[in-house]
Amino acid sequence: MFSYDLDTSEISIYDEIGPAWWGLIDAQTVSTALDQMKGKHVTVRLNTPGGSVDEGIAIYNALTRHKGGVTTVVDSL
């Protein structure tokens, strides 16, 4: 499951990381959500068993580029 809330500036990544065409969470999905946060500080909640290293690195880079800053919370896994 991937979701985001513009009011709370929170992103939840609760599934495996990988290509969207496999039904997984990819970097483009995360980047699109971050773009909508418009420089606000974002909290990213994680519960993922891992997945694609390439997509994970791209997600990490998108988070580090976000101008408002990011706090990550590992809920599980």
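Because only heavy atoms are used, hydrogens play no part in the values below, and waters and symmetry mates are left out as well, while side chains stay in.
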- Query: Side-chain donor-acceptor pair under 3.5 Å between Thr29 and Asp26, yes or no?
  - Reply: yes
- Query: Can you find a heavy atom in the side chain of Arg45 that is under 4.5 Å from one in the side chain of Tyr14?
  - Reply: yes
- Query: Looking only at side chains, do Glu10 and Tyr4 share a donor and an acceptor under 3.5 Å apart?
  - Reply: no
- Query: Can you tell me how far the OG atom of Ser52 sits from the CD1 atom of Ile57, to the nearest 0.5 Å?
  - Reply: 8.5 Å
- Query: When you check the side-chain N and O atoms of Gln28 and Thr32, is any donor under 3.5 Å from an acceptor?
  - Reply: yes
- Query: Rounded to the nearest 0.5 Å, what separation is found between the CG atom of Asp5 and the OG1 atom of Thr43?
  - Reply: 11.0 Å
- Hey, quick one: are Val42 and Tyr60 part of the same hydrophobic cluster, counting side-chain heavy atoms closer than 4.5 Å, chains of contacts allowed? no
- Would you tell me whether Thr71 and His41 have side-chain atoms, one donor and one acceptor, within less than 3.5 Å of each other? yes
- Item | Note, Ile59 side chain near Ile17 side chain (heavy atom, < 4.5 Å) | yes
- Considering non-hydrogen atoms only, spot the tightest contact between Leu34 and His66 and give its length. O-CE1, 3.7 Å
- Met37 and Leu63: same hydrophobic cluster, using ILVMFWY side-chain contacts below 4.5 Å? yes
- Roughly how far, to the nearest 0.5 Å, is the CD1 atom of Ile25 from the CG atom of Leu46? 9.0 Å
- Determine whether Val44 and Leu6 fall in the same hydrophobic cluster, where Ile, Leu, Val, Met, Phe, Trp and Tyr are linked whenever their side-chain heavy atoms lie under 4.5 Å apart. yes
- Query: Between the main-chain N or O of Asp15 and the side-chain N or O of Thr48, is there a donor-acceptor pair closer than 3.5 Å?
  - Reply: yes
- Given the rule that I, L, V, M, F, W and Y join up when any side-chain heavy atoms are under 4.5 Å apart, are Val70 and Val30 in one cluster? yes
